[in-house]
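Here the structure comes first, spelled out in structure tokens, and everything after it is commentary.
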Amino acid sequence: MLRAIFGEPPRQDTGLLLEANEAIRGYLRTVTRKKGAAPTPQERRYAIWCQSFLRALDEMEQSQYAAVRFGERVKTTFIDRMEREELDDYHRHLYYYNNALIRLFAVLDKLGHFMNERFALKTEKIKSRFSYFTVLRNMHQHKLFTDLEAKLYELKTGYKEPLTRLRNQRNMEIHTINADLLDDLMKAEEAKYGERLRSDTEDVRGNLADLEQGCDVAFRSVTTVFRYLVR
């Protein structure tokens, strides 16, 4: 969808996205393939959940892609030296980056809630509003589905540093007035004392590298769970 912005053809799924989608569809077939019998309410619920995962992964990947493409167009370090077109691309980059960031953790939390229900983990007894990471902690502490938990825990620890940075940015984006607005206001205050207005262009490449790692762990975690269900 978003590739049309850049005059490109629709995406051909490959790599980790393809693996995740195939894993979801493999499980979807197990809850919809009964012949001559209507699916149970629980099976219909899981089928709808599968469709939701497919859409969520698609939206996350598309947002990440647009963030990368617009980020590639940002070359200038100082905001006041940017031409209007580059400044617009910088703001478009931030829009899609923040969108991808939020969608990344939405995918993980969706996965946590799906696992909690599908495996009857009862994480809500520990914390009423729980995240994917709360679900993993519950599984680890109570030794629930230990083979699956070990694989997911290994993924989480393997991507610990970029995930931590991304979670902090996501929390800033959601829970402060607005992370980008706050940065702009602080830079404006600094400019009063003779400092140049700097963009976040020094961080664009690093942020995008972290985002790629975060999307990778989301794809891999989804694949791991849905393959486990049809093993």
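Residues Glu85 and Tyr90 are not in side-chain contact: their nearest non-hydrogen atoms beyond the backbone lie 4.5 Å or more apart. Using a 4.5 Å heavy-atom cutoff, the side chains of Arg25 and Leu54 are in contact. Here the side chains of Ser52 and Lys110 are in contact, with some heavy-atom distance below 4.5 Å. Contact annotation: the side chain of Leu18 never approaches that of Gln12 to less than 4.5 Å [non-hydrogen atoms, C-beta and beyond]. Side chains of Val204 and His93 form a contact here, defined as non-hydrogen atoms less than 4.5 Å apart. Looking at Phe219 and Glu61, their side chains come closer than 4.5 Å, going by heavy atoms from C-beta outward.
Glu86 contributes a side-chain N or O that, together with a main-chain N or O of Thr76, makes up a donor-acceptor pair within less than 3.5 Å. Between the side chain of Asn116 and the main chain of Lys122, a donor-acceptor pair closer than 3.5 Å is present. The main-chain N or O of Lys143 is never found under 3.5 Å from a side-chain atom of Glu149 such that the two would form a donor-acceptor pair. With hydrogens and angles ignored, the 3.5 Å screen pairs a side-chain donor or acceptor of Gln62 with a backbone N or O of Leu2. The backbone N or O of Arg73 lies less than 3.5 Å from no partner atom in the side chain of Asp89, so there is not a single donor-acceptor pair.
Side-chain rings of Tyr65 and Tyr96 stay apart, their centers remaining 6.0 Å or farther from each other. Aromatic pair Phe6/Phe70: centroids less than 6.0 angstrom apart.
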Could you go step by step and tell me if Leu16 and Arg220 meet the side-chain contact (heavy atoms from CB on, under 4.5 Å) rule? CA-CA 7 Å; Leu16 296 178; Arg220 293 179 189 277; 3.8 Å; yes
side-chain contact (heavy atoms from CB on, under 4.5 Å) assessment of Met139 paired with Val135: CA-CA 6 Å; Met139 295 174 71; Val135 172; 4.1 Å; yes
Test Gln51 against Leu28 for side-chain contact (heavy atoms from CB on, under 4.5 Å), laying out the working first. CA-CA 8 Å; Gln51 296 295 341; Leu28 179 59; 3.3 Å; yes
Using side-chain contact (heavy atoms from CB on, under 4.5 Å), reason through Phe105 and Ser131 one step at a time and then give a plain yes or no. CA-CA 9 Å; Phe105 288 99; Ser131 70; over 6 Å; no
Start with the C-alpha gap between Asn138 and His142, add the side-chain angles, then the distance that decides, and say whether side-chain hydrogen bond (donor to acceptor under 3.5 Å, both in side chains) holds. CA-CA 6 Å; Asn138 177 33; His142 295 92; 2.9 Å; yes
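In the model, Arg118 has a side-chain atom that pairs as donor or acceptor with a side-chain atom of Tyr27 under 3.5 Å. With 3.5 Å as the limit, one finds a donor-acceptor pair spanning the side chains of Gln169 and Tyr97.
Listed by chain and residue number, Tyr153 satisfy the ring pair (Phe, Tyr, Trp, His ring centres under 6.0 Å) test with His140 (two or more places apart in sequence, or in another chain).
By the 4.0 Å N-to-carboxylate-O rule, Arg84 lies close enough to Asp88 to be salt-bridged with it. The existence of a salt bridge linking Glu117 and Arg45 is confirmed by a sub-4.0 Å separation between a basic side-chain nitrogen and an acidic carboxylate oxygen.
Between Leu211 and Ala100, the closest heavy-atom pair is CD2-CB, 3.9 Å. In plain terms, the two heavy atoms of Thr32 and Ala47 that are nearest each other are CG2-CB, 4.0 Å.
With Phe133 as the aromatic partner, Arg167 meets the cation-pi criteria of under 6.0 angstrom to the ring centre and within 45 degrees of the ring axis. Geometrically, Arg231 engages Tyr228 in a cation-pi contact, judged by NZ or CZ lying under 6.0 Å from the ring centre and within 45° of the ring axis.
Atoms CD and CZ, on Gln213 and Arg165 in that order, are 9.0 Å from each other to the nearest 0.5 Å. The line from CD1 of Ile102 to CE of Met60 is 14.0 Å long, rounded to the nearest 0.5 Å. Remark: Glu19 CD to Thr14 OG1 distance equals 9.5 Å, nearest 0.5 Å. Here the straight-line distance linking atom CG of Asp210 with atom CG of Leu166 works out to 5.0 Å at 0.5 Å rounding. One distance of note links OG1 of Thr40 with OH of Tyr46; it measures 8.5 Å at 0.5 Å rounding. A distance of 11.0 Å separates OG in Ser221 from NZ in Lys156, rounded to the nearest 0.5 Å.
For Glu154, the CD atom counts as loosely surrounded, since its 6.0 Å shell holds 12 or fewer non-hydrogen atoms of other residues, nucleotides or ligands.
Pairs of residues two or more places apart, or lying in two chains, that qualify as salt bridge (Lys or Arg N to Asp or Glu O under 4.0 Å) and include a residue from residues 49-60 are Arg11-Asp58, Glu59-Arg103. Applying the ring pair (Phe, Tyr, Trp, His ring centres under 6.0 Å) test to pairs two or more places apart or on separate chains, none has a residue in residues 154-173.
The side-chain contact (heavy atoms from CB on, under 4.5 Å) test with Phe226 is passed by exactly one of Thr223, Leu229, Val230, Thr224: Leu229.
Between His113 and Phe130, the angle of the ring planes stays under 30°, which puts this pair in the parallel group of the 30/60° scheme.
Linking ILVMFWY side-chain heavy atoms closer than 4.5 Å, directly or via other members, places Ile48 and Phe114 in two distinct hydrophobic clusters.
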